[in-house]
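Here's the structure, in structure tokens; my notes come after.
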Amino acid sequence: MSTLPFRLATWNVNSLKVRLPHLQQWLASASIDALGLQETKTVDADFPGAELTALGLEGGWYGQKTYNGVALLARSPVTDIVRGIPGYADEQTRVIAGTVRGVRVIDCYVPNGQAIDSDKYTYKLAWLSALRDYLASELERHPQLAVIGDFNIAPDDRDVHDPKAWEGQVLTSAAERAALASLCQMGLEDVFRRFEQPEKSYSWWDYRAMAFRRKAGLRIDLILASPALAARCTGCTVDVEPRRWERPSDHAPVVASFDLAAD
DNA sequence: ATGGCTAACATGGTTAGA
């Protein structure tokens, strides 16, 4: 049976307006078939659709003023686009889903949570519960499902540069990790860990205190795959190169490769 | 050292990120 490669990426760009040149430069060499963005921070009317069309991308976006904002883009048609979590009232634009080459892709920007004692943390956990219910139903409908994005949860202490300093903090707390684990218990797999990876593999580094230079980061940007899709995964890497560029996003893109059936 | 830096909105200083 013949297969075709499918390279799927997620990138929190921290303002698409500022990072459009970075995206253009990265796409020129990264050979990406589909891409989920987070923190576009732009209303849909201002979304740079023409610039992305010029890069050979199409798809959908779901943004708001100042905060949040997601986009799902691909080199082939993106169909059945759904914005937000159906049935969950949320003023924040954090999810967009679509189907690309037979793969259902759900792009998420999970709430940060700010601090354990914050209302935003309560919102984060409630939001993750709504996401879990949504994904349970999507798993039933779509054997080939990818859930990608900025999860704002480091799955394990391996994914934290200083586990002691981060212990019990937002992004590593037990309740957040349990919420992520419950997604994995439904069959979604963090494909990054299917493969041998370098020590200190992270996807986010604080802008402050030379965190990137010190390799003081967290791995919070993930690509989860359903069993049938995970079985087709041939690799997953963090591309740290754009984090070295001038005026970078604080997140690096993560890329997973799949061999899809070519029927 | 509880700061450090960046972006949006606004046009000085606040909010938010993680």
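Below, chain A is the first sequence line, B the second, and so on; all start at residue 1.
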Next on the checklist: With a cut-off of less than 4.0 Å, is there a side-chain N or O of A:Ser15 near OP1 or OP2 of B:dT6?
Outcome noted: no

Checklist entry - Is there a donor in the side chain of A:Ser257 and an acceptor in the side chain of A:Arg7, or the other way round, less than 3.5 Å apart? => result yes

Item to check | Contact residues, residues 158-176 of chain A to DNA chain B [heavy atom, < 4.0 Å] | outcome: A:Leu171

Checklist entry - Would you call A:Asp190 and A:Arg219 a salt bridge, taking side-chain N to carboxylate O under 4.0 Å as the test? => result yes

Item to check | Phosphate-side-chain proximity, A:His251 and B:dA18, N/O vs OP1/OP2 below 4.0 Å | outcome: yes

Item to check | Charged N-O contact under 4.0 Å between A:Arg141 and A:Glu138 | outcome: yes

Item to check | Side-chain N or O of A:Arg247 closer than 4.0 Å to phosphate OP1/OP2 of B:dC5 | outcome: no

Next on the checklist: Given B:dG4, B:dA8, B:dG17, identify the nucleotide with an atom nearest to the side chain of A:Ala209.
Outcome noted: B:dG4

Checklist entry - Do any of residues 61-70 of chain A sit with a heavy atom less than 4.0 Å from DNA chain B, and if so which? => result A:Lys65, A:Thr66, A:Tyr67

Checklist outcome for this item: Testing B:dA7, B:dA18, B:dG17 for proximity to the side chain of A:Val18, the answer is B:dA7

Next on the checklist: For a quick check under 3.5 Å, do A:Tyr121 and A:Ser173 share a side-chain donor-acceptor pair by atom type?
Outcome noted: yes

Next on the checklist: If you compare every side-chain N and O of A:Asn152 against the phosphate oxygens of B:dA18 (OP1, OP2), does one of them come in below 4.0 Å?
Outcome noted: yes

Item to check | Close aromatic pair by centroid cut-off 6.0 Å: A:Trp26 and A:Trp11 | outcome: yes

Checklist entry - Would a distance-only check, ignoring hydrogens and angles, find a side-chain to backbone donor-acceptor pair under 3.5 Å from A:Asp44 to A:Gly63? => result yes

Next on the checklist: Quick test of your reading of the model: are A:Asp239 and A:Arg244 salt-bridged, counting only N-O distances below 4.0 Å?
Outcome noted: no

Checklist entry - Strictly by modelled atom types, are A:Asp250 and A:Trp205 linked by a side-chain donor-acceptor pair under 3.5 Å? => result no

